[in-house]
Trainee: 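Mind looking over this structure? Questions follow.
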Amino acid sequence: MASAEGAPVRPAARSRYRRILRFAAWNLAVQWWYELLLPRIGLQRVADRSRTRRLLRFARRFRVLAVDLGGLMIKVGQFLSSRLDVLPPEVTSELAGLQDEVPPVPFAAIRTLAEAELGVPFERAFAEIEERPIAAASLGQAHRARLRADDAAETGIADVVVKVQRPGIDEIVAVDLAALRRVGGWLSRVRAVSSRVDAPALVAEFAATSLEEIDYLHEAAASERFAGDFAGDARVAIPAVIWERTTRRVLTLEDVTAIKITHAEGLRAAGIDPAAVAPVFAAVMFDQMFGTGYFHADPHPGNIFVTPGADGSWKLTFIDFGMMGAVPDSTRRGLRRLLIAAAARDGGGLVAAVQDVGALLPSADTAELERAMTQLFARFGGMGFAQLREVDPREFRDFATEFGDLVRSLPFQLPENFLLVIRAASLTSGVCSALDPQFNLWDSVEPYAAQLLRDERRNVMRDAAKEAVEVAGVALRLPQRVDRLAARLEDGSIAVTTPSVERWLARLESRLRRLMSAILFGALVLSGAILQAADVDLGAWLMGASVLPLLHALLASRRR
């Protein structure tokens, strides 16, 4: 096995693999001792008393391991920090601030890899490039550059950012994923874990996301898809891809960096009120998660900029499309219902929406969860971030403990990409609160949810009108079919010689005609009532026409 530069790295890879497995094995053994063995020999209280301390020690040690190893381990920590459904708050809180920041790779190594990828020396690819990176992460780093004059004239872009993978990252990712798959296999054999979460499936999902993230061609395509979703939207800007200078390991983008979204002083200096940015950012993120279903899953402050315009306007500029989420239509409909229930502070509706979206098994006893959600909305639902800071921390702690224990006791099974939705929503809330301490997320949720509710109602009305028209068509055709049946009886196509059968058929025909008239009456009334909101004249005509089949049904009944 060799790195991108051809140097042997087998010993380092083996050492990395074994270090990850040793860490996992030791911590699994500790948990087995305290959570499984001690309770069986009557020492449950000892395990309970030390649980918080043990979990904090695990989270801190993992944080040190992740920062030291880099690679995917930092991503694993960020992934674990979002598992509020499985992990206790002691772990998720400790890992929540884990940042993907590592020392930069020397420029000479970056240059060697990039030139091999591009197939030309830097001097032919770029007019100039800054050796000092503007960002360095565990998977790659970025440098500012300028295109050559002919390329700039062709693309209309001069200033670019060149993102280059760290040398040898392919092997590091392969080693990390191999170790994680081994650990996932171990966890699948622990009943206490396997009953709560499918660890191998989580590792597989994490692996798929990670492999996409180190493929810059995938990121470039994701950038263009995202740009297409917001084409013509004055709120959003996306950097253009310079495809001629892009490969699987090198990504060249238009340099659109401006003011970091949480840089309040920079925003004010540009004449932009940070508090005005928060609701726009929230609305744009909601449009992605609950509207298009294709969303930026890593909207932390380093990936979002505010670009001022010449006329005092501004745009939100998104970068780094390596981590994207795609929500299928069925899940998106469930997420919309969830958002509507949250905006209405409807605890029961929220739990029902969670079940609809597939995150909670139908067999779950949800009575306690509904009670907890109702209590949550009643106490904290209308508060902004600043108001929440004034609440007694002990109240938060007690409620979080009770709610966390309840959630972890329920059979959750988060659907594909749902964790990315949770991550994106959490980061969105954090950015908005940093922009405006008085920001109340509900103020952004409510009008968006109200619009979704109006859309849902229109869809229901449209479907009901379509159904009514179809019923009316069936009602109109059925008497003709009865006539054809009677004609066949009369001309001998169907021979019936029993008088009692003939009388029975005559009564059946009469009843069918009255039934069809009643159905036609109902269809016309329903169609008229629905369509009247959009077309008053057509709706009134349909409701008036319904009198004819009603009279037929009533008078025919009296004649009989």
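For the numbers below, each heavy atom of this structure counts, side chains included, while hydrogens, waters and symmetry mates do not. Computed from a predicted model, the values in this text were never measured in an experiment.
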Trainee: Ring centres under 6.0 Å, that's the criterion: do H218 and F321 meet it?
Mentor: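 Not under 6.0 Å, so no.
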Trainee: Do NZ/NE/NH1/NH2 and the carboxylate oxygens of R181 and D176 come within less than 4.0 Å?
Mentor: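 Judged by the 4.0 Å cut-off on N to carboxylate O distance, R181 and D176 do not form a salt bridge.
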Trainee: Could you tell me whether E128 and R144 have a side-chain N and a carboxylate O separated by less than 4.0 Å?
Mentor: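 Answer for the salt bridge query: no.
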Trainee: Between R166 (side chain) and I110 (backbone), is there a donor-acceptor pair under 3.5 Å?
Mentor: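 Side chain of R166 to backbone of I110: no pair is present.
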Trainee: If you look at every heavy atom in A222 and M324, which pair is closest and at what distance?
Mentor: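 Taking A222 first and M324 second, the nearest heavy atoms are CB-CG, 3.9 Å.
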Trainee: In plain terms, say whether D215 and R249 are close enough for a salt bridge, that is, a side-chain N and a carboxylate O under 4.0 Å apart.
Mentor: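 Answer for the salt bridge query: no.
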Trainee: At what distance, to the nearest 0.5 angstrom, does CG of L316 lie from CD1 of I304?
Mentor: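 Spacing of CG (L316) from CD1 (I304) equals 7.5 Å.
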Trainee: Could you report the tightest heavy-atom contact between V250 and A114, atom names first, then the distance?
Mentor: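 Here V250 and A114 meet closest at CG2-CA, 3.9 Å.
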Trainee: Less than 4.0 Å between a side-chain N and a carboxylate O, is that true for R235 and D287?
Mentor: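 So D287 pairs with R235 through a salt bridge.
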Trainee: Does H143 use its side chain to pair, donor to acceptor, with the backbone of V162 at less than 3.5 Å?
Mentor: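 No; zero donor-acceptor contacts below 3.5 Å.
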Trainee: Any Lys/Arg nitrogen of D273 or R268 sitting under 4.0 Å from an Asp/Glu carboxylate oxygen of the other?
Mentor: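 A salt bridge is absent here (no side-chain N lies under 4.0 Å from a carboxylate O).
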Trainee: Under 3.5 Å, is there a donor-acceptor pair linking the side chains of E265 and H263?
Mentor: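 No, no side-chain donor-acceptor contact under 3.5 Å.
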Trainee: Check whether the side chains of W26 and Q31 place a donor and an acceptor atom closer than 3.5 Å, and report yes or no.
Mentor: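 No pair is found: no donor N or O on one side chain lies under 3.5 Å from an acceptor on the other.
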Trainee: Give a yes or no on whether the backbone of I319 and the side-chain of H296 come within a donor-acceptor separation of less than 3.5 Å.
Mentor: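 Flag set: sc H296 to bb I319 pair under 3.5 Å.
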Trainee: Taking the basic N atoms (NZ, or NE/NH1/NH2) and the acidic carboxylate oxygens, is any pair closer than 4.0 Å for R146 and D255?
Mentor: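 Result for this pair is no, no salt bridge flagged.
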Trainee: Can you check whether R245's main-chain N or O pairs, donor with acceptor, with T252's side chain at less than 3.5 Å?
Mentor: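 Indeed, once roles are kept as given, a pair shorter than 3.5 Å links the two residues.
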Trainee: For D48, is there an ion pair with R45 - N to carboxylate O distance below 4.0 angstrom?
Mentor: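 Result for this pair is no, no salt bridge flagged.
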Trainee: Among V175, D170, L177, which one satisfies side chain to side chain contact (heavy atoms under 4.5 Å, CB included) with V173?
Mentor: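 The passing option is L177.
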Trainee: How about F226 and F318: are their ring centres within less than 6.0 Å of each other?
Mentor: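 Yes; F318 has its ring centre under 6.0 Å from that of F226.
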Trainee: For F23, does the six-membered ring have the charged nitrogen or CZ of R61 within the cation-pi criterion, i.e. under 6.0 angstrom from the centroid and within 45° of the normal?
Mentor: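 No, R61 and F23 do not form such a contact.
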Trainee: Donor-acceptor pair, distance only, cut-off 3.5 Å: does the side chain of E254 make one with the backbone of A240?
Mentor: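 Yes, because the side chain of E254 sits within donor-acceptor range (under 3.5 Å) of the backbone of A240.
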Trainee: Given 3.5 Å as the limit, does a donor-acceptor pair link the side chain of S429 with the main chain of A425, or not?
Mentor: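 No, S429 side chain to A425 backbone: no donor-acceptor pair under 3.5 Å.
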Trainee: State whether the side chain of N303 and the backbone N or O of P299 hold a donor-acceptor pair below 3.5 Å, judged by distance alone.
Mentor: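 No, the answer is negative, given that no donor and acceptor are paired below the 3.5 Å cut-off.
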Trainee: Looking at L251, is its backbone amide N or carbonyl O close enough to the side chain of T246 to form a donor-acceptor pair, meaning the two atoms are under 3.5 Å apart?
Mentor: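 Not confirmed, T246 side chain does not pair with L251 backbone.
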Trainee: Sub-3.5 Å donor-acceptor pair from the side chain of E224 to the main-chain atoms of V241, do we have one?
Mentor: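 No, E224 side chain to V241 backbone: no donor-acceptor pair under 3.5 Å.
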Trainee: For K75, is there an ion pair with D298 - N to carboxylate O distance below 4.0 angstrom?
Mentor: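 No, this pair does not count.
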Trainee: Using modelled atom types only, decide if a donor and an acceptor are shared between the side chain of S223 and the backbone of E219 within a distance under 3.5 Å.
Mentor: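 Between the backbone of E219 and the side chain of S223 there is no qualifying donor-acceptor contact (under 3.5 Å).
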